[in-house]
Amino acid sequence: MTIKGRAAKAAALYFVIHLMNEVVCYFMLYRIFEDPVFITMVALLYNCLAFVPQFFWGALRDLLEKFMPGIFSVPLLLSGFLIFFMADAKGPLFWTSLVLLSTGNALIHVAGAELTIRTSGGTLAPVAVFVSGGSFGVILGQILASTNMSFWWIAGLCVLMLPLVILGETLYKGNPEENDNCSGFNYVITGRKTIVVLLAVFFIVTIRAMIGNEIPLEWKTTVTETVLLYVFMGIGKALGGVLSDKIGMRRTAFISIVGALPFLILGNKIMAVSLIGIMFFSMTTAVTIGMALSVMKVAPGAAFGVTTIALFAGATISWFIRSGSFVTNVLIIVITSAICFLMSMYIIKPEREAA
């Protein structure tokens, strides 16, 4: 099998697995009917356990080739899911089900990242396509949770993930050594210190997550509009990887950060304009992953984990620091985007050097 063929199969496979994973998780999360304070506690714990430990699980996979996070993920997801619904979980049993679910979620992310990165030959489209599947799964899980659908259908969907994950493991076979070592990721200017690059990545991803919750969206009032929001987020994540491979990461960073600004600001009341801005803005996902991988070639799982910790940090900040002022939100978006752009231009190689 060619490198491109293996990478394309890995991306398509984990796009589907990631989507299914989020459907399972958000179907359960949106069937929790409690007071707002309790829901906030659940969301905080779930996001913490689903995103922060990905650095640890990714580093473990980097160190132990025989560790297969995807194989462990499905039993954890399924057990947490079934405990919640079958036992009508309350108290400690509920929190146990949530921990199992979120840990399974973390492991499936690491498995997808490791496979799509290590088989990609230094390209970013495969991992970007994998990541994009989550946006579609999140909104689909929310919608299904609002229906009368039996949880057994979703449990069956979870079971179907296991053979797909096993299929993913077979794609490692015959993977060229240079792919597995991630030597093809060279997007950072020579001489830039690893710690500087990772701090910049962490800052940019944190800001992206924070702004994603702060973007003024007066037009988002119906289910259809919410679906479109998540769809365009998913498209943007995938498109960022494709464009980085086609026109270069530096140009993609410019489009995703600077190009998104007028659409985000002017789209407050105009859905079509706002969706373009959200799509552009979501393209930074591939840019930051590429930056991290360029300085952590020997540890792609841990590199991916750096970005997921930052996602949790940004989301948490947005929950506790919110502004109802349109002007304030615009100033935050403009100032932080300018800083992110300058950081990315300082770190990312010009296209003529990357060629």
Side-chain angles (χ1 to χ4, degrees), residues 14-54 57 69-113 130-165 209 212-213 223 226-227 229-231 233-234 308 311-312 315-316 319:
Y14 261 92
F15 173 89
V16 174
I17 293 172
H18 192 187
L19 186 153
M20 295 166 71
N21 167 72
E22 299 300 348
V23 167
V24 172
C25 291
Y26 277 82
F27 184 89
M28 175 175 151
L29 292 172
Y30 273 72
R31 285 288 180 92
I32 299 171
F33 303 107
E34 297 287 347
D35 62 85
V37 174
F38 184 84
I39 294 297
T40 299
M41 290 173 59
V42 169
L44 188 61
L45 180 62
Y46 171 79
N47 280 285
C48 179
L49 293 179
F51 287 106
V52 176
Q54 286 186 44
W57 296 123
I71 302 298
F72 293 99
S73 66
V74 178
L76 289 171
L77 279 171
L78 185 60
S79 59
F81 188 82
L82 291 178
I83 287 172
F84 176 79
F85 284 99
M86 294 183 68
D88 191 23
K90 304 292 182 183
L93 199 58
F94 166 76
W95 297 109
T96 299
S97 70
L98 188 66
V99 169
L100 291 170
L101 187 85
S102 52
T103 302
N105 182 298
L107 289 170
I108 208 72
H109 276 83
V110 169
F130 146 64
V131 170
S132 72
S135 296
F136 299 97
V138 167
I139 189 59
L140 182 56
Q142 292 179 30
I143 291 173
L144 293 177
S146 67
T147 69
N148 293 322
M149 176 178 282
S150 169
F151 73 89
W152 285 112
W153 288 105
I154 308 300
L157 183 71
C158 187
V159 172
L160 288 175
M161 289 171 60
L162 186 56
L164 295 179
V165 169
N213 290 289
V223 173
T226 303
V227 169
L229 172 66
Y230 278 92
V231 166
M233 281 182 181
T308 60
L311 280 174
F312 172 73
T316 303
W319 288 341

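Predicted, not measured: the structure shown is a model, and the values here were computed from it.
Listed by chain and number, the residues in a side-chain contact (heavy atoms from CB on, under 4.5 Å) with Val227 are Ile139, Ile143, Val223, Val231 (sequence neighbours excluded).
Between Met28 and Ser97, the shortest heavy-atom distance links the atoms CE-OG, 3.7 Å.
Checked by atom type and distance alone, the side chain of Ser73 never pairs as donor or acceptor with a backbone atom of Leu107 at under 3.5 Å.
Taking the six-membered ring for Trp and the full ring otherwise, the centers of Phe151 and Phe85 sit less than 6.0 Å from each other. Separation of the Phe15 and Phe136 ring centroids falls under the 6.0 Å cut-off.
If you take CG on Leu140 and OG on Ser135, they are separated by 12.5 Å, rounding to the nearest 0.5 Å. If you take CZ on Phe72 and CH2 on Trp57, they are separated by 9.0 Å, rounding to the nearest 0.5 Å. To the nearest 0.5 Å, atom CG of residue Leu157 and atom CG of residue Leu19 are 8.5 Å apart. Rounding to the nearest 0.5 Å places CG of Leu101 at 8.5 Å from CZ of Phe81.
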Which atom pairs, donor and acceptor, lie under 3.5 Å between side-chain atoms of residues 36-50 and protein residues at least two apart or in another chain?
unit_1 : atom_1 : unit_2 : atom_2 : d
Thr40  : OG1    : Pro36  : O      : 2.9
Tyr46  : OH     : Asn105 : ND2    : 2.8
Asn47  : ND2    : Ala43  : O      : 2.7

Exercise. Where do Leu77 and Met161 land on the side chain to side chain contact (heavy atoms under 4.5 Å, CB included) test, with the steps shown first?
Worked result: CA-CA 10 Å; Leu77 279 171; Met161 289 171 60; 3.9 Å; yes

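Ring geometry, His18 versus Phe130: the interplanar angle falls from 30° to 60°, so the pair is classed tilted.
Residue pairs meeting the side-chain hydrogen bond (donor to acceptor under 3.5 Å, both in side chains) criterion with at least one member in residues 143-154, sequence neighbours excluded, do not occur.
For the side chain to side chain contact (heavy atoms under 4.5 Å, CB included) test with Ile108, the passing option among Val165, Thr103, Val24 is Val165; the others fail.
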